Number of protein chains: 4
Amino acid sequence: MSRNKIVDAAIKLFSELGYHRTSMDDIAKEANVAKGTLYYHFSGKGELFETIVNDGFAMLTEKIRQELAEDAPADRQIESIVRRHVELFLQYSELVHIISNEITNGIEPDILERIVRRKRDYIAFVADVLRRGHEDGELNELPYELAASAMLGLIESAVLHAVRHPETGTDKLHATINAFVLPALLRKK
Amino acid sequence: MSRNKIVDAAIKLFSELGYHRTSMDDIAKEANVAKGTLYYHFSGKGELFETIVNDGFAMLTEKIRQELAEDAPADRQIESIVRRHVELFLQYSELVHIISNEITNGIEPDILERIVRRKRDYIAFVADVLRRGHEDGELNELPYELAASAMLGLIESAVLHAVRHPETGTDKLHATINAFVLPALLRKK
Amino acid sequence: MSRNKIVDAAIKLFSELGYHRTSMDDIAKEANVAKGTLYYHFSGKGELFETIVNDGFAMLTEKIRQELAEDAPADRQIESIVRRHVELFLQYSELVHIISNEITNGIEPDILERIVRRKRDYIAFVADVLRRGHEDGELNELPYELAASAMLGLIESAVLHAVRHPETGTDKLHATINAFVLPALLRKK
Amino acid sequence: MSRNKIVDAAIKLFSELGYHRTSMDDIAKEANVAKGTLYYHFSGKGELFETIVNDGFAMLTEKIRQELAEDAPADRQIESIVRRHVELFLQYSELVHIISNEITNGIEPDILERIVRRKRDYIAFVADVLRRGHEDGELNELPYELAASAMLGLIESAVLHAVRHPETGTDKLHATINAFVLPALLRKK
DNA sequence: AATGAATGAGTGTTCATTCAT
DNA sequence: CATGAATGAACACTCATTCAT
């Protein structure tokens with residue numbers, strides 16, 4: 001179906017090039033679809049981007065939720081949250097980058113607002129994990145949203161560094177991230 | 001002088017709108033200068049951006065260096081590095097945001113490369129602080145550059161969150177950042 | 001069709017004003033077409049110019065080839081080659097002028113190279129006529145390409161003079177050109 | 001003196017790059033002179049170009065006149081006229097090219113008109129040599145101006161070809177030009 | 001459901017020229 | 001005589017969007 005081809009092409013190109021450098025022409029060509037078809041399925045570039053962002057967050061949320069379903073000690077849970085994020089950030093590093101940073105740019109205000117809200121929702125979701133961890137007596141009390149924000153920024157920045165310096169290795173990457181995250185979150189026993 | 005007016009206008013607009021959304025027309029208008037004047041002082045948009053980035057990093061480096069000149073225990077030094085970054089990120093949050101994130105975009109490759117190098121140099125500078133801290137027996141051994149990258153990403157993300165949620169308060173902001181940074185860096189005694 | 005309107009407008013304006021003085025705005029206006037349409041059909045000003053040049057040479061080559069198909073003595077053939085060139089140069093004097101002279105200017109190097117090659121091919125085509133004439137024992141031996149170049153320059157210059165001084169008359173024009181060309185080329189018997 | 005430095009720089013650059021591709025900045029830089037200085041000595045780019053064209057034609061006229069002063073048979077005189085032109089065209093091929101061809105372009109009409117008149121004067125001067133040759137009984141009767149025009153076009157085109165194909169060699173170049181020019185002009189005895 | 005020709009406002013850049021010093 | 005900072009109109013080109021088919 002055309003719509004799927006478009007979405008796939010858009011993910012690929014937005015990830016590789018960023019929002020502005022990706023033109024609707026590029027997407028159409030990559031998707032093997034005529035330019036007009038993009039506007040048949042989406043009202044414009046902004047809505048297409050929004051769709052991808054929404055799908056991305058939905059996927060992220062879903063994966064994390066599955067991870068948490070398993071019964072495991074808090075430190076294992078945090079570690080696996082980190083691992084999941086690292087994996088996804090590694091795979092879609094540029095897209096994540098765009099979502100968390102480049103959002104300010106040239107999108108229509110209403111779409112922008114919805115994307116920002118989406119991001120806030122996701123932060124809230126992660127914050128909630130932290131809050132429940134505290135309520136279970138396993139994590140420290142913290143300003144949860146701020147901590148979630150900080151944690152995601154840390155992970156993203158570290159992953160980006162690792163991507164730019166491939167000699168780093170994933171083990172060292174995980175270890176370093178955990179060195180920051182675990183002591184800050186886990187309640188000392 | 002025209003050049004200064006241009007730089008000021010460019011900082012303001014790049015900070016508010018980002019690199020792409022800021023047009024040379026906008027800058028000229030904001031600076032009360034004819035468009036051609038921009039090109040008299042700078043070879044193009046990219047060079048103008050580069051100038052601002054360079055100045056920004058130079059200022060940052062300088063301020064941190066002053067901080068470190070003082071003789072103080074490692075934990076105090078780390079705290080004050082964090083504090084400095086938080087202050088500067090708060091003051092120039094959007095500019096910092098652009099510098100550290102929007103770099104990927106549509107700038108001429110050679111200018112981009114120089115900016116990326118500038119950023120790497122700054123990371124290396126912070127990493128060096130961490131390395132010397134370890135050599136003095138006060139900080140943990142870590143992949144210094146990766147850790148520096150992670151730390152700066154964490155600070156930026158936290159500061160941005162605080163900017164977007166002013167009710168957070170600077171105390172809580174510092175405390176949260178330090179909760180991540182100090183245990184990760186300081187050697188347990 | 002838009003494309004044709006554009007080509008026609010471009011021939012007219014490039015002929016009247018030359019390559020540099022003709023702006024894409026002018027062409028769009030003359031063609032009653034939006035500016036973007038030019039770039040839908042041609043990758044840029046250079047390619048548009050190249051198209052016209054190519055078409056021009058193709059037409060020229062074709063007409064000469066037809067002329068040569070007829071079986072006639074060498075002096076008649078040379079005369080009719082001259083006549084053809086004179087006619088076409090008279091009709092499209094400014095365009096010919098641009099093609100043969102203004103090529104040096106500010107076109108992208110790769111396009112320029114193709115145009116130059118096109119011109120060289122045409123010279124080679126005329127040179128070949130001279131070579132075959134010699135092989136048939138009717139024309140003198142000469143550095144064929146150089147002679148072809150010289151001959152075309154002579155014709156163009158003479159035609160341009162006649163255009164600027166209409167009182168000259170076509171008979172006198174042909175006679176003078178032939179006075180240079182025939183003795184130089186025809187083998188004395 | 002500044003004025004001379006400017007003229008020299010202008011000759012060099014107009015010759016190398018053509019009228020349009022040469023900017024006033026380039027000339028100022030090449031002349032080691034501030035941009036404003038150009039406008040102190042010349043009213044604008046057009047006038048500067050006109051000056052050079054005038055000087056060029058004056059030099060050409062002068063050199064030919066000297067050549068003709070010597071008492072020599074007509075064929076030798078024609079040959080030496082040709083030789084002189086070839087030499088000068090070789091040395092300043094691009095400038096000659098511009099003067100004879102690119103004149104149409106973007107110069108103010110009044111300046112353009114004066115340059116065109118200059119060129120016409122020069123043609124008339126060469127035509128006069130042909131006329132006197134006829135009156136002396138040594139050259140054929142011809143439409144002198146048309147013939148002069150044709151001859152100069154031929155020489156220029158041949159020289160340009162030789163410049164572009166250096167393997168041609170000056171001997172072959174002279175021989176070919178003379179093969180066209182001499183039989184056309186010299187009265188058969 | 002899909003197309004692709006056509007659009008036009010917007011962008012970065014160039015450059016001959018001016019003018020206060 | 002000479003300067004060089006400043007100008008602004010002109011330019012080639014981009015691209016999200018529209019719409020008749």
Side-chain angles (χ1 to χ4, degrees), chain A residues 1-3 5-6 20-28 31-48 106-108, chain B residues 1-3 5-6 20-28 31-48 106-108, chain C residues 1-3 5-6 20-28 31-48 106-108, chain D residues 1-3 5-6 20-28 31-48 106-108:
Chain A
M1 215 228 283
S2 271
R3 216 195 105 105
K5 290 197 289 178
I6 292 170
H20 273 94
R21 299 258 288 179
T22 303
S23 71
M24 294 298 262
D25 278 86
D26 293 340
I27 297 173
N32 262 317
V33 151
K35 212 172 167 184
T37 311
L38 304 190
Y39 290 86
Y40 181 77
H41 290 290
F42 301 92
S43 76
K45 194 183 181 183
E47 206 207 73
L48 177 51
I107 315 179
E108 300 91 301
Chain B
M1 214 229 278
S2 269
R3 216 195 107 104
K5 289 197 288 178
I6 292 169
H20 273 95
R21 292 263 288 179
T22 302
S23 73
M24 293 300 261
D25 279 270
D26 293 341
I27 296 173
N32 260 317
V33 152
K35 209 171 167 186
T37 309
L38 304 189
Y39 291 86
Y40 181 76
H41 291 288
F42 302 92
S43 76
K45 194 184 183 183
E47 207 208 73
L48 177 51
I107 315 180
E108 298 91 301
Chain C
M1 215 230 279
S2 269
R3 215 194 107 105
K5 289 198 289 178
I6 292 168
H20 273 95
R21 293 263 288 180
T22 302
S23 73
M24 292 301 261
D25 280 87
D26 292 342
I27 296 173
N32 260 318
V33 153
K35 209 172 169 185
T37 309
L38 304 189
Y39 291 88
Y40 181 76
H41 290 289
F42 302 92
S43 76
K45 193 182 182 184
E47 208 206 74
L48 177 50
I107 315 179
E108 298 91 301
Chain D
M1 214 228 284
S2 271
R3 214 195 107 105
K5 289 197 289 179
I6 292 170
H20 272 95
R21 300 256 288 179
T22 302
S23 72
M24 293 300 262
D25 278 86
D26 293 340
I27 296 173
N32 263 317
V33 150
K35 211 171 166 186
T37 310
L38 304 189
Y39 289 86
Y40 180 77
H41 289 290
F42 301 92
S43 76
K45 194 183 181 183
E47 207 208 73
L48 177 51
I107 315 180
E108 300 90 303

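Naming convention: chains lettered A, B, ... in sequence-line order (proteins, then strands); numbering from 1 in each chain. Given the structure is predicted, the values throughout are model-derived calculations rather than measurements.
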Could you tell me how far apart [X] ([atom1]) and [N] ([atom2]) are, to the nearest whole angstrom?
| X | N | atom1 | atom2 | answer |
| --- | --- | --- | --- | --- |
| A:L38 | F:dC15 | CG | P | 14 Å |
| B:I6 | F:dA6 | CD1 | C1' | 10 Å |
| C:D25 | F:dA12 | CG | C1' | 9 Å |
| D:M24 | E:dC15 | CE | C1' | 10 Å |
| B:M1 | F:dG4 | CE | P | 14 Å |
| C:F42 | F:dA12 | CZ | P | 15 Å |
| D:I27 | E:dT17 | CD1 | P | 11 Å |
| A:K5 | E:dT3 | NZ | C1' | 13 Å |

How is A:T37 classified with respect to the nucleic acid when contacts are heavy atoms under 4.0 Å: base, sugar-phosphate, or nothing?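 The residue A:T37 makes base contact.
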
Identify whether any heavy atom of C:S2 sits under 4.0 Å from a base atom; if not, whether one sits that close to sugar-phosphate; answer base, sugar-phosphate or nothing.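 The answer is sugar-phosphate, as C:S2 gets under 4.0 Å only of primed atoms, P, OP1 or OP2.
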
Quick one: is F:dC1 close enough that its OP1 or OP2 comes under 4.0 Å of any side-chain N or O from D:H41?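 D:H41 to F:dC1 OP1/OP2: no side-chain N or O under 4.0 Å.
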
Taking only the side-chain nitrogens and oxygens of D:H20, find out if one of them lies under 4.0 Å from OP1 or OP2 of E:dC15.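 Result: no.
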
Dot-bracket encoding of pairs in DNA chain F, which uses [ ] for pseudoknotted crossings and | for another strand, Watson-Crick or G-U under 3.5 angstrom: .||||||||||||||||||||

Contact nearer the 5' end of DNA chain F, comparing D:A34 with C:D26: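 Looking at the nearest nucleotide for each, D:A34 comes out on the 5' side.
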
Pick the nucleotide of DNA chain F nearest each of B:N32 and C:G46; which residue has the one closer to the 5' end?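 Per heavy-atom nearest nucleotide, the more 5' residue is B:N32.
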
Looking at every non-hydrogen atom in both residues, tell me the closest pair between B:V33 and B:S2 and how far apart they are.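 Answer, listing the atom of B:V33 first, then B:S2: CG2-OG, 3.9 Å.
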
For B:I27 against B:I6, the heavy-atom pair lying closest together: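 The pair with the smallest heavy-atom distance is CG2-O, 4.1 Å.
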
Pairs where residues 34-48 of chain D contributes a residue and the test side chain to side chain donor-acceptor pair (under 3.5 Å) is met, not counting sequence neighbours: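 Passing the test, one end in residues 34-48 of chain D: D:D25-D:K35, D:S43-D:E47.
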
Within the sub-3.5 Å range, which N or O atoms of nucleotides 18-21 of chain F have a protein N or O partner, and how far apart are they?
none

C:K45 side chain: which of F:dC13, E:dT13, F:dT7 is closest?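 Output: F:dC13.
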
What distance do A:L38 atom CG and A:K5 atom NZ have between them, rounded to the nearest 0.5 Å?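 Interatomic distance, A:L38 CG to A:K5 NZ, rounded to 0.5 Å: 11.0 Å.
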
